[in-house]
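The structure appears right after this line, and notes come after that.
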Amino acid sequence: MAFELREGIFAIDEMRNVSIRIGKVIEEAEEWAEEMGPTPKPGIIELRKWDMKLLERYEPFYAPVQDFCNLCTMGPCDLSQNKKGACGIDLKTAKARLVTIACCIGAASHGGHARHLLDHLIEELGEDYPIDLGGNVNVEAPIIRTVVGIRPRTLGDLKEAMEWAEKELMRVLHATHIGNEESYLDYESKAMHISMVDHVLMEIADIAQIVAYNMPKAEPNVPLTDTGFGIVDKNKPVIVVVGHNVLYSKPILDYLEEMGRLDDFEIAGLCCAVHDMTRVSGGRAKIFGPISYQLRVIRSGIPDVMISDEQCIRADLLQACKAMGIPLIATSDAAARGLPDASDWPVEKIVNALVTGELPGVFLPVPEKVGQVAPLVAEAIFKKHGGNRKYRFFANDEELWNEINKCTQCMNCVFTCPHNLRIDQGMAHAQKTKDLSKLAKLEEQCIACGKCEQACPKNIKIINVIMASNFDRLYNKKGKMRVGRGPIQDTEIRNVGQPIVMGQIPGVIAAVGCANYPDEAKSLREILEEFVKRRYIVVTSGCHAITLGMITDEEGQTLYEKTPGDFDAGGLANVGSCVANSHIAGAAIKIANIFAMRPLRGNYAEIADYVLNRVGAVGFSWGPYSPKAAAIATGFNRLGVPVVVGPHGAKYRRAYLGKYFKKEKWWVYDIKTRSKVPIEPAPDALLVAVETKEEAIVQLARLCIRPNDTSLGRQIKLTHYLELSQKYLGKLPDDWHLFVRSEADLPLKMKDELLHILESEYGWKIDWDKKKILEGPIRRYDAGFNPTIVEEVYEKYAGEKPPQ
Amino acid sequence: MAFELREGIFAIDEMRNVSIRIGKVIEEAEEWAEEMGPTPKPGIIELRKWDMKLLERYEPFYAPVQDFCNLCTMGPCDLSQNKKGACGIDLKTAKARLVTIACCIGAASHGGHARHLLDHLIEELGEDYPIDLGGNVNVEAPIIRTVVGIRPRTLGDLKEAMEWAEKELMRVLHATHIGNEESYLDYESKAMHISMVDHVLMEIADIAQIVAYNMPKAEPNVPLTDTGFGIVDKNKPVIVVVGHNVLYSKPILDYLEEMGRLDDFEIAGLCCAVHDMTRVSGGRAKIFGPISYQLRVIRSGIPDVMISDEQCIRADLLQACKAMGIPLIATSDAAARGLPDASDWPVEKIVNALVTGELPGVFLPVPEKVGQVAPLVAEAIFKKHGGNRKYRFFANDEELWNEINKCTQCMNCVFTCPHNLRIDQGMAHAQKTKDLSKLAKLEEQCIACGKCEQACPKNIKIINVIMASNFDRLYNKKGKMRVGRGPIQDTEIRNVGQPIVMGQIPGVIAAVGCANYPDEAKSLREILEEFVKRRYIVVTSGCHAITLGMITDEEGQTLYEKTPGDFDAGGLANVGSCVANSHIAGAAIKIANIFAMRPLRGNYAEIADYVLNRVGAVGFSWGPYSPKAAAIATGFNRLGVPVVVGPHGAKYRRAYLGKYFKKEKWWVYDIKTRSKVPIEPAPDALLVAVETKEEAIVQLARLCIRPNDTSLGRQIKLTHYLELSQKYLGKLPDDWHLFVRSEADLPLKMKDELLHILESEYGWKIDWDKKKILEGPIRRYDAGFNPTIVEEVYEKYAGEKPPQ
Amino acid sequence: MAVKKEDKYPVARRYQIADVQVSREATAVKPQVVVNLIKKAKHPVLITGGQLLKDEKLVEIAVKFYEKGIPIIATGGSSKPLIEKGVNPQSVVFTLHQVTQFLLDEEWKGFDGKGNYDLVLFMGFLPYYLSRMLSALKHFSKITTVALEEFYQPHAKFSFTNLTANKDMYYSMLEEIVNNL
Amino acid sequence: MAVKKEDKYPVARRYQIADVQVSREATAVKPQVVVNLIKKAKHPVLITGGQLLKDEKLVEIAVKFYEKGIPIIATGGSSKPLIEKGVNPQSVVFTLHQVTQFLLDEEWKGFDGKGNYDLVLFMGFLPYYLSRMLSALKHFSKITTVALEEFYQPHAKFSFTNLTANKDMYYSMLEEIVNNL
């Protein structure tokens, strides 16, 4: 009996009902030599000890949005003042449970997305399709390696990680059922667990699509792509995609390319769907804007057909499109939108139903068919109006003014607007002076959620009024976004690893998330420009990346056009859509691995401990809004990366905020000196909401400080922190002295001044001859300082139990 | 090269990194000949068409508990009057989404439970451990066969179903993320999907534990076990278990048995954990009561040690135990309760910490260790008090009266009590007359949730007052519950299949779920006794089964003692704990399969269609409270089984209620006559909440009617329906005539009377000579009537497309 | 019109402290207001609940409503005592849950075929069960709902104030209504 | 003491219609009540927010508070204009989020080391951000919170009524407080 050895299932003659499956045939040279760490495929309590370390220091803070619970039939229960409900749960624990549920939903979103992509791509390309992220990426799935303990080489390998993640979701969600956890700390631990899973899921999704769709592979110099209303050629049929999963809309590109008709259409879109369309099309797809542009785009009447997939899409999309006569093709099984399933219909029948308006939309979960139907529909609709789309929010000025004149300044809109925008004042001003400028100004801040229209007793089309008031600016907006590059190269990590860990690169600022900005969108650029100029590494993704591509300066240029795309000091790297956030976490992990040679495999706590103490990376989400964003942030937190959120982030109800004054909580084991040493409170928060851009800037600089900074690194970090505090807060920060370990940490230019302050205000002893600090710091700087807060890590490197 | 063929992984010489796994070696005789149906391992839209059929007829009804949403940071949003929120979702869709989330959490609970059990048992017994449910069960996993399309023969096979379920959970939960479904119907379809998954998960869990722990295997004559406070021998150390997962507490029995010390301890418990303990111990474990007995038991001071696992446990268990000096061992990773993980501690250290009170509890997720620690702790604690447990709610009468006298009748308690119990009146009456009887009466209704104490401005220990007022009755309560039998035998199905489908057995009443009863618990018995006497088949499980075991009649007997345990007319079959509910759904499926020979494999829609039209089974949950109960009910609904819930069930927010007057919605395809025929509205609801026991009884009888009833069957069903309506509602029901197809359907004794009413009140034409109905019915009875509402089923059996 | 603090009436206190919604709460009304509502209604109906089985006085009141020409939908078994006292309810077998579902349907013709009801009075229900039904009607219909209950019902359009501390007042308010019809 | 309807003051309207909780809503107060609260307080503090960067009048008022001896915790960048006018805030770098976390800790000694604050005044915040912080303080601390905001803040213990339609009244109420300290 002989058989050839390939992977697959084999039937053997004469042996009924026996199948021989040949497992992975692995080249010896490629064998993964790394030893398995302590926690591969961790269950929901395996990393509880690590979480409790974090939670002990970064105490959960709860700001209840509702102080009651009505999830079970014994309720509703009043939980105010931390009272207990019928099941015995108190308010804090109830909030922690809700946070856990939200993180589960967030992780499930990326997971549903990843699973669908993966199954689809494996069906198309086979399990053996190799994971090749280009020559510069050898550590190609740092999160999966660290968490799951495997090294995926093929799409099929990703399934193993996927199945583990699915299992963990069920177990964590289980814990949120009535009558499980009693302590909010345990719910936080579970929220962290599922959020770590979320990072694995994002990595699966993005790796799968990069390799299968040949998206840019860790390329810093990816092309720029057009953004804004102004870049759409309205003389072509316009196909608009919205959502997150490129698998449904990519076939449109494929089909048009095959037909040689790409140039006959405009393909544009919103949110991550188009983000990733630009990655597969090399910049051919165009970006209307972030998630908050949905009603702007639909009510502008520009789309000739709309393609929706999943997540963050308006739940009234069909209604909104229908009102404008735009046919809708819903594609994802997560959002069938109540539409008839047209999977089995012939293409002509679908096109006909949509073009005649017989149906306002169809549910078409067959990507290839979407590829054919969408252009046909767009073309037919385009033919009807001949490029002369009449509707531009209002048919004419009279209609606009009729709406404005209806307003009685009852302020119902103001009291329901997420930003309490003073629509009443804009309307009143316009009524009195015929000047639309106050209304136009609102457009810069409006997220076009439409709640104002729901509240208006006069049924004023407020969104349209606002958009029409800023019509020319909005319609002519043009910008450039650098297409998502995907992972960070190993070589880049090698270059920046040391300066980051030592502190000479003052920090990595990762601006990610949604578009619920508290202020005009341009504030995002203002914040990040500060860090680009100061040669921090700035990374971005998702709607933040899109927004950055839409804000131009006086020269008409976006930040992308002025900044290289490297993961390097002074660079601005756009990694891609939401799921590409995994590359940011991955970069932090790769610093520990590639630069510091820490083993990854199943070794989460050590890596997170390394990141917390050494990698000065801070997440920043200026406009977070969704459970996905909550999961992403919480996943970063577990990895030891602090996250700063805009003020709306306070509505997530829970933050992780340390207290500088609890001195007993700020310590590490120092492996070098074999001792437990007090440390400066750095970073002193894992999740904190700021109110203004000024505050955001200072907090970001502040939270980049790490115990492991060298003197030079600390000096650089403090220089920026102090300068920014002076610039934006008007003086030195209150806590700068806590971060001074020796005179070498002090910013050079201010050294004398600061030494004087340390002496006079803080009572430190200074040797003025040598300009040395004699007494005062929490601890002295030690070049060999080797901090950890994990007993097992201490033991591993010190060879003995940690000191008490 | 030769190798022996067994299952397992084999290394082949000289072939590095190649493993050959020999798949399942299946005896030819055992090959599952059944062809695969259309929907094995269905995804979230595969059965959408079936759902839409149900939802078209049984329109979702929403009773919002809250009319706003605050899940994302654009909120909170006012959704009242079906307004849309910032994401565009309206109130109905938001409620449907919440229902979907609740069903996900419910399914995840059973799933987390099942996964943990399965992994543990496979580790212990191996993947090949056979699934043997006894000689009378050949169709051993009807739900898994129908839904997943596999026939599991070993524990390892169950993993395949488990992994599919985990995948589906992620996909459904994904759809609940902001910005997915637009239509409440699609959320309902997804809620149904994950609830069907829930039934698969319950089946996995119960089959695994039955075969691994040798629980009763489909035995009607299982032993009776003791229930109530009165049966606990307080002169022994008392170990109390609470929760749902027997895997954590069974080792206690094993250890004591091994030590030969079983008789030296009392092992009692609450809720499903003890339910299943009685199944593994053959009745040695004793049952304190259902879930609502937690505070009763703890505050009675009887437990010497408490073992908690997961689900439905009070979230303040540790606090409650600590207040009574009862050490707590938390065992499940779903509920670590903020306690230190003692997994690695030596047994002595754990025991010592608990007995000395150094720690109020430990987290000990190692079942074997729990088996050793629990008895040692109980014994040591027992030694301390020597059997003389002082605390009995109050140390003495004076303390009780001091509490009572504090009451000012502010009624805060009344306005927070889930049942609005008139605690104020009980207190006032006692204050005035020194008579505790009004307070004692409350004990019968009180679910001991403790919210009253949270609300009381005087901090009165209201629960203790109520319990102490009924002390003697409560403390001496004794009853008998028939131990959970597990599945229904194939032979039983063969016996009752035809009479159920034809209607001669008037119905199957499945009383399942939690203990949030709207009335005194004895009402449950009153309701079910009516059906037992009328020779319906009554099945029960979970807390309903426990409650039934606690209600004795004047002769001191429970319903179990008066009724056989068969799945047969007049029987009362207790299938077991919550997860054993799968056997009830399984029985309905088996009727379709074993009696009607309908193929199961991957053939869900046909089976559900069969059940809906033919199997007169109705679920009944008098005191449902949890998301698990919501998922169980919704899973039954998708399978075509209506569910009646008590009034608290209205708080689930969503019901499925048909409208008898929408005549166009009541139709089937008749395969026999090749036509689409109007039918009677039977059943006319899939989920309905009733207010009183009287109403429950009538609705249950009413909802047993099915289109497929034979004349004799319909006659019998109508006889009961009409009699019960007259008995409890005072007259004939309003809609009885809708169910009359011919004179042969009429109850014999009332035939003339009813014919007269049909003529005089409803204008029917009667041939009085022949006593025949000439005109009037919605349709005529036809003996070969073969109804379906599924086009594919029609086509399959009719061999042609269905008529329009 | 609405019950004011300075009146003799107790304050309107929700039957369940945490049963909160954004939308308007019921106007707490005096009996005369209810009388006026009934008189103005084109197609009023009284729905009775299962608590009539425990409270004879409510049965008595319902009978008087009936005698004054207000049709009754009897749920929860409340039909039995009513029928014994000569009432012929429009329906006895449908639960309040079902009746509410019917009420929500603008196409429903009522049990009497005269079209949907425009004013629905509720009496004798478990407060938490009624509350949910009133919520459904508040959000998804235009029907005027009136709770004639011992507990104030926040989700009704109009409700008696909270009368739990004074059952006599509750009864007398009900009497006042039926006597003035 | 509380703002009554018959007063000249507008009604207290939640900044966000759906920001509802079971627990008590803020008492809407007149300036003199705030003056009395401050005078009675042992350790009061004013926390200023980022809206001072957009509203010079608020800066002016905060300076006056400071001059009357009320210490200031400046957040959101509000320190910059304050410092320019001679204020020396107790803290400038901590966000309101962090300061609230500190306030929740009974062991905190305050930025001045004199122990936790007993009366905290808030001025110049984004309403939704402040609302969450007030909710945390309401449920998990005993601190008396006073919102001196244009929008009525339901989760404070005391709050100005809603003054969005009349900014002059808002400023004059603030003036009235500082003038009477």
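So you know, we letter chains A, B, ... as the sequences are listed, proteins then strands, and number each from 1.
- Counted by atom type alone, A:R337 and B:N180 present zero donor-acceptor pairs between their side chains at under 3.5 Å.
- At a 4.5 Å heavy-atom cutoff, A:C417 makes no contact with chain B through either its backbone or its side chain.
- Heavy atoms of A:M52 lying under 4.5 Å from chain B are absent altogether.
- Checked for salt-bridge contact, B:D341 and A:K49 miss the test: no charged N lies under 4.0 Å from a carboxylate O.
- When all heavy atoms are compared, the tightest approach of A:R48 to B:A336 is NH2-CB, 3.5 Å.
- Chain A forms the most heavy-atom pairs under 4.5 Å with one residue out of B:V65, B:I89, B:N516, B:L185, and that residue is B:N516.
- In terms of heavy atoms, B:D333 sits closest to A:K190 at O-NZ, 2.8 Å.
- There is no contact between A:H244 and chain B, counting heavy-atom distances below 4.5 Å.
- Heavy atoms closer than 4.5 Å to chain B are found in both the backbone and the side chain of A:Q319.
- Neither the backbone nor the side chain of A:Y184 comes within less than 4.5 Å of any heavy atom of chain B.
- Looking at B:R314, its side chain does come within 3.5 Å of a backbone N or O of A:A86 through a donor-acceptor pair.
- Only the side chain of A:D186 has a heavy atom closer than 4.5 Å to any heavy atom of chain B.
- Proximity to chain B (any heavy atom under 4.5 Å) is restricted, for A:P365, to the side chain, taken from C-beta onward.
- Residue with the most contacts toward chain A among B:C514, B:A334, B:A335: B:A334 (heavy-atom pairs, distance under 4.5 Å).
- A:H177 approaches B:C312 most closely through the heavy-atom pair CE1-SG, 4.0 Å.
- Heavy-atom distances place no part of A:T416 under 4.5 Å from chain B, backbone and side chain included.
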